[in-house]
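What follows is a single structure, written as structure tokens, with notes after it.
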Amino acid sequence: MVTIKPSDKPCFLCGLTAHVVEAKFKDGTFTGVLCKEHLFERIEAKLRQAAERERAAAQ
């Protein structure tokens, strides 16, 4: 779902410099530097979207 590697750059959303990774979503929807909190938020949003698509397809 996502490839991550450590980064010394700040999170592009909040500017935090601790616990930061360069994240690349395999579906190509996002590539950038995120702190762990924002990374988890993005992953949760992706999982919610996938679940909604599955529910819609099942109806």
Side-chain angles (χ1 to χ4, degrees):
M1 172 179 235
V2 64
T3 303
I4 61 170
K5 63 181 180 179
S7 177
D8 58 349
K9 297 178 183 175
C11 173
F12 92 97
L13 292 173
C14 67
L16 189 68
T17 57
H19 306 289
V20 186
V21 295
E22 183 177 335
K24 181 176 182 181
F25 282 85
K26 292 186 179 184
D27 63 1
T29 58
F30 179 80
T31 301
V33 179
L34 295 171
C35 65
K36 67 180 180 179
E37 290 182 31
H38 287 117
L39 175 64
F40 293 147
E41 287 175 4
R42 293 271 175 148
I43 291 172
E44 288 173 350
K46 280 284 193 194
L47 293 173
R48 275 194 306 274
Q49 289 173 353
E52 289 173 7
R53 281 194 300 269
E54 287 180 19
R55 275 194 298 266
Q59 292 179 354

Seminar exercise, completed: Closest heavy-atom pair, Leu39 versus Leu34, reported as atoms and distance to 0.1 Å, is CA-CD1, 3.9 Å
Exercise. Quick one: salt bridge (charged side-chain N to carboxylate O under 4.0 Å, His left out) pairs with a partner in residues 20-46, sequence neighbours left out?
Worked result: Asp27-Lys46
Seminar exercise, completed: Closest non-hydrogen atoms of Pro10 and Gly15, given as atom of the first, atom of the second and distance, are CB-O, 3.5 Å
Problem set entry | side chain to side chain contact (heavy atoms under 4.5 Å, CB included) partner of Cys35, the single match among Thr17, Val21, Leu16 | Leu16
For this session: Not counting sequence neighbours, list each pair that qualifies as a salt bridge (charged side-chain N to carboxylate O under 4.0 Å, His left out) and has a residue in residues 3-20.
Result: none
Exercise. Would Val2 and Phe40 show up in the same hydrophobic cluster when neighbours are defined by side-chain heavy atoms closer than 4.5 Å?
Worked result: no
For this session: Inspect the surroundings of CD1 in Ile4 and state if more than 12 heavy atoms from other residues, nucleotides or ligands are less than 6.0 Å away.
Result: no
For this session: For Phe12, enumerate each residue passing the ring pair (Phe, Tyr, Trp, His ring centres under 6.0 Å) test, keeping only those at least two apart in sequence or located in another chain.
Result: Phe30
